[in-house]
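Note that the structure is a prediction, hence the values are computed from the model and not measured.
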Amino acid sequence: DFLKYNKYTGRAVLEFGAGQSTHWWAHRAAQVVSFEADRAWYEEVRRSIPSNATVYHIADNLSGFDELVHDQSFDVVIVDGLDRVVAAEKALRHLKSDGCIIVDNSEGHWGPPGTYPIMDLFRKNGYRRIDFYGHAPGVLLSHCTSLFFRDDCFLLAGIENPVRSNN
């Protein structure tokens, strides 16, 4: 819900791990660039995404990523697949100054047991974090999605008014 009520007009989204979220972002943002390692899932997503979205098949370790993205920068970067530590490192290099990075399943270690290399990476680079806990559809255990940002993040500017929900 936090993401749902913000405005993404003219915004570009980079996504590590394609799928339902690719569609969700494509209906809100101007551009979505997604990367997916699973060949069959890539083909499925590629056939169904809107014209403002592009999905690339890539190795899990993201080799070849830099040649596809070059120096493009993004307002929102989603880390939800592939080698998440490598994806987080690349997210830092391609994030606009007022953008944010969203890491799904951020409670995962994504490194040797007991370590949190993604958390350490963002802390070291001066990012703040908000954690959102809850259940994903069809999942029994609660998970955490973390939003990483700097002080001037557009999502936290407070320019949108609260929306009345009909739920």
Practice problem: Start with the C-alpha distance between R84 and D104, add both sets of side-chain angles, then the distance that settles salt bridge (Lys or Arg N to Asp or Glu O under 4.0 Å), and finish with yes or no. | Solution: CA-CA 10 Å; R84 292 186 193 215; D104 199 24; 5.5 Å; no
Quiz prompt | Check: M119 and S106 side chains under 4.5 Å, non-hydrogen atoms | solution = yes
Quiz item: In Å and rounded to the nearest 0.5 Å, what is the OG1 to CH2 distance from T115 to W110?
Solution: 12.0 Å
Exercise. Work out which heavy atom in I58 is nearest to a heavy atom in S63; give both atom names and the distance.
Key: CG1-O, 3.4 Å
Exercise. Provide the closest heavy-atom pair for N125 versus L92 in the form atom of the first, atom of the second, distance.
Key: ND2-CD1, 3.5 Å
Quiz item: Any side-chain heavy atom of Y56 sitting closer than 4.5 Å to one from V33?
Solution: yes
Exercise. Please examine the side chains of V76 and R11, heavy atoms only from C-beta on, and report whether any two atoms are closer than 4.5 Å.
Key: no
Practice problem: Grab the two heavy atoms, one from A29 and one from N52, that are nearest each other, plus how far apart they are. | Solution: O-ND2, 2.9 Å
Quiz item: How close do A18 and W41 get, heavy atom to heavy atom, and via which atoms?
Solution: O-NE1, 2.7 Å
Practice problem: Answer yes if F132 and I118 sit in the same cluster of Ile, Leu, Val, Met, Phe, Trp and Tyr residues linked by side chain heavy atoms under 4.5 Å apart, and no otherwise. | Solution: no
Quiz item: Can you tell me how far CZ of F154 sits from NZ of K7, rounded to the nearest 0.5 angstrom?
Solution: 12.0 Å
Practice problem: Measure the spacing between CD of E36 and CD of E43 and express it to the nearest 0.5 Å. | Solution: 11.0 Å
Quiz item: Taking all atoms of both residues into account, what is the closest heavy-atom pair of Y42 and V55, and its distance?
Solution: CE1-O, 3.4 Å
Exercise. Any chance you could measure L155, atom CG, to I102, atom CD1, to the nearest 0.5 Å?
Key: 6.5 Å
Self-check item: hydrophobic_cluster_shared for F16 and F122, side chain cutoff 4.5 Å
Solution: yes
Self-check item: Residue pair D75 / L95: nearest heavy atoms and the distance that separates them
Solution: O-CD1, 3.8 Å
Practice problem: In sequence, state the C-alpha distance, the side-chain angles, and the governing distance for F74 and V69, and then conclude on side-chain contact (heavy atoms from CB on, under 4.5 Å). | Solution: CA-CA 10 Å; F74 298 87; V69 174; 3.9 Å; yes
Practice problem: May I ask you to decide if A37's main-chain N or O and H57's side chain share a donor-acceptor pair within less than 3.5 Å? | Solution: yes
Self-check item: Greater than 12 external heavy atoms within 6.0 Å of R128's CZ
Solution: no
Quiz item: Is any side-chain heavy atom of Y8 less than 4.5 Å from a side-chain heavy atom of L3?
Solution: yes
Self-check item: Sub-4.5 Å side-chain heavy-atom contact between V79 and E89
Solution: no
Quiz item: Would Y116 and L147 show up in the same hydrophobic cluster when neighbours are defined by side-chain heavy atoms closer than 4.5 Å?
Solution: no
Quiz prompt | side-chain contact (heavy atoms from CB on, under 4.5 Å) between D66 and K90, intermediate numbers included | solution = CA-CA 9 Å; D66 296 323; K90 294 194 179 290; 3.2 Å; yes
Quiz item: Do H143 and E107 meet the criterion of a side-chain donor-acceptor pair at a distance under 3.5 Å?
Solution: yes
Quiz item: Side chains of E15 and D80: closer than 4.5 Å at any heavy-atom pair?
Solution: no
Practice problem: Rounded to the nearest 0.5 Å, what's the gap from SG on C100 to CG on L156? Could you check? | Solution: 8.0 Å
Quiz item: Has R129 got its NZ or CZ under 6.0 Å from the middle of the six-membered ring of F149, at an angle within 45 degrees of the ring axis?
Solution: no
Quiz prompt | Flag side-chain contact, heavy atom, 4.5 Å: Y127 against L121 | solution = no
Practice problem: Drop me the distance from L82's CG to F65's CZ, to the nearest 0.5 angstrom. | Solution: 10.0 Å
Self-check item: Check: F148 and V77 side chains under 4.5 Å, non-hydrogen atoms
Solution: no
Self-check item: Hphob cluster co-occupancy, W24 + F35, side-chain heavy atoms under 4.5 angstrom
Solution: no
